[in-house]
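What follows is one structure encoded as structure tokens, with my remarks underneath.
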Number of protein chains: 2
Amino acid sequence: MQSTAEENYIKAIYKLSGGGTNAVSTTGLSETLQTKPASVSDMLRKLSAKDLVHYVKYHGVQLTEEGQRVALKIIRKHRLWEVFLVQKLHFTWDEVHEVAEQMEHVKSELLIQRLDEFLGHPRIDPHGDPIPTEAGELRQEEQRVLASLAVEQKGVVCRVKDSQPAFLQYLNRVGIQIGTQLQVVDKIPYDNSLEISIDKSKSVILSSDVLEKIFVINP
Amino acid sequence: MQSTAEENYIKAIYKLSGGGTNAVSTTGLSETLQTKPASVSDMLRKLSAKDLVHYVKYHGVQLTEEGQRVALKIIRKHRLWEVFLVQKLHFTWDEVHEVAEQMEHVKSELLIQRLDEFLGHPRIDPHGDPIPTEAGELRQEEQRVLASLAVEQKGVVCRVKDSQPAFLQYLNRVGIQIGTQLQVVDKIPYDNSLEISIDKSKSVILSSDVLEKIFVINP
DNA sequence: AAATTTATTTAGGCAAACCTAAACTTTAAT
DNA sequence: ATTAAAGTTTAGGTTTGCCTAAATAAATTT
């Protein structure tokens, strides 16, 4: 079992290395972790002794396979809690991070299993980042533009291409956010707009303009 | 802001002193906290310096008013998380404690406010213990036996007087647990049984035997 | 290629929260 | 009222995770 500090190092190495494969520098870690390089050296020796990282003095670190497994577990917890905070407790994106950062360190397999179930096995977090599976797989879903869905097809919103306040407010009003489940109810051939049902309830008609700016993954 | 260790000491003092008023011994604390008496002495000096406890060497500790405020905040968090785990994630009573013990230390006012709201401002936890208010008040509700409720009256289950498996399984099947909201739909004078609606949905008829074993607080 | 700058590690320290062993109080027993 | 036992504190030590300052290695300039 790892301490909170160790977990934060592993997460940081994972993020900086873009998945654990590339080597990461001591200074880079010290910056993301807000500590001094000397402290990082200390910890790397420790993580290396635990076989969680490959560490070659003066030449950076990478995660071992075990290290990657641990990293993905933490990321899974972090992202599931983010979904919980946004979807159930109505946190906004910017309020989420600090709290999830604490919750991700709570130790309980059962808790995460049940949380995942409670949230309906979400595949992406409120930022659109994928949630690793229980087995530790980070599946990269194929993204499709909402405009390309046929009638009856379903999708989960994973990205929006326009971040202008007016557009985001519009999405807010119709009830669309990252993670929202959509289904095409009908197609209006006249102007290529679609009738979309949102989270299995109310439906709205979206113009082809809007449809081009929303990306979904297959459900 | 207190550390996790400090919070655990404060909670332990609160519990052992039965609300913070009576003095608590070093050995008592060392037993509940699973540490050595010497470590307790250390921490008491520290908490005393922070004015969270009144500590007289060789004569025990009590919480100061500030200490009591802190204790009630932690207990509030603990019990709210217990409600969440049982009602939303379907944990059983015995699985709850260890996890809530970790979650209670997550720091975020907003989180607790929102959690409380999400759970519908519960007044008792899954063991029937009262949840302190946001203002730090521990209201002791008046308990009434379910049999004494009149038609239309509501109540929240707070205690059951029979802990035999057969009885608990029966309650389980009809959907009654600590925290369940009940309302008397009708009274059957013939045998003094009551028709009770459970969590605002399905209703059942409970015999007067059963009605005598269930306690509720007014809603 | 040598010199300088930058990056990294080592050495030595500090605070938190624990420990053991020894010293000291209080309580209980004779 | 002494003495023994039990409870508590102090003194000194450990580990974790951080720090600063000094030493060393790598990268960059000249």
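So you know, we letter chains A, B, ... as the sequences are listed, proteins then strands, and number each from 1.
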**Q.** Residue A:Ala5, side-chain heavy atoms: nucleotide from D:dA26, D:dC18, C:dC18 that is nearest
**A.** D:dC18

Q. More than 12 heavy atoms of other residues, nucleotides or ligands under 6.0 Å from NZ of A:Lys73: is that the case?
A. no

Q) Above 12 or not: heavy atoms from other molecules or residues under 6.0 Å from NZ of B:Lys57? A) no

Q. Shortest non-hydrogen contact from A:Gln153 to A:Ser148?
A. OE1-O, 4.4 Å

Q. Looking at B:Ser41 and B:Thr26, what are the two nearest heavy atoms and their distance?
A. OG-CG2, 4.1 Å

Any side-chain N or O of [X] below 4.0 angstrom from OP1/OP2 of [N]?
X: B:Thr26; N: D:dT9; answer: yes
X: B:Tyr9; N: C:dA16; answer: no
X: B:Lys57; N: C:dT26; answer: no

I need the [atom1]-[atom2] distance between [X] and [N], as an integer number of Å.
X: B:Met1; N: C:dA16; atom1: CE; atom2: C1'; value: 17 Å
X: B:Leu44; N: D:dT9; atom1: CG; atom2: C1'; value: 11 Å
X: B:Arg45; N: C:dA16; atom1: CZ; atom2: P; value: 11 Å
X: A:Glu7; N: D:dT16; atom1: CD; atom2: P; value: 16 Å
X: A:Leu29; N: D:dC18; atom1: CG; atom2: P; value: 12 Å
X: B:Met43; N: D:dT9; atom1: CE; atom2: P; value: 14 Å
X: A:Leu33; N: D:dC18; atom1: CG; atom2: P; value: 8 Å
X: B:Tyr55; N: D:dG7; atom1: OH; atom2: P; value: 16 Å

Q: Using the six-membered ring of B:Phe167, assess whether NZ or CZ of B:Lys213 lies under 6.0 Å from its centre and within 45 degrees of the ring axis.
A: yes

**Q.** Of all pairs that satisfy ring pair (Phe, Tyr, Trp, His ring centres under 6.0 Å), the ones with a partner from residues 61-88 of chain B, not counting sequence neighbours
**A.** A:Phe84-B:Phe84, B:His78-B:His97, B:Trp81-B:Phe84

Please write out the pairs of protein N or O atoms and N or O atoms of nucleotides 19-23 of chain C separated by less than 3.5 Å, giving the distance to one decimal.
residue: C:dC19; atom: OP2; partner: B:Lys36; partner atom: N; Å: 2.9
residue: C:dC19; atom: OP2; partner: B:Ser39; partner atom: OG; Å: 2.5

Q.
For the residue pair B:His105 / A:Gln102, report whether a side-chain donor-acceptor contact shorter than 3.5 Å exists.
A. no

Q.
Regarding A:Ser41, tell me which of base, sugar-phosphate or nothing describes its non-hydrogen contacts under 4.0 Å with the strands shown.
A. base

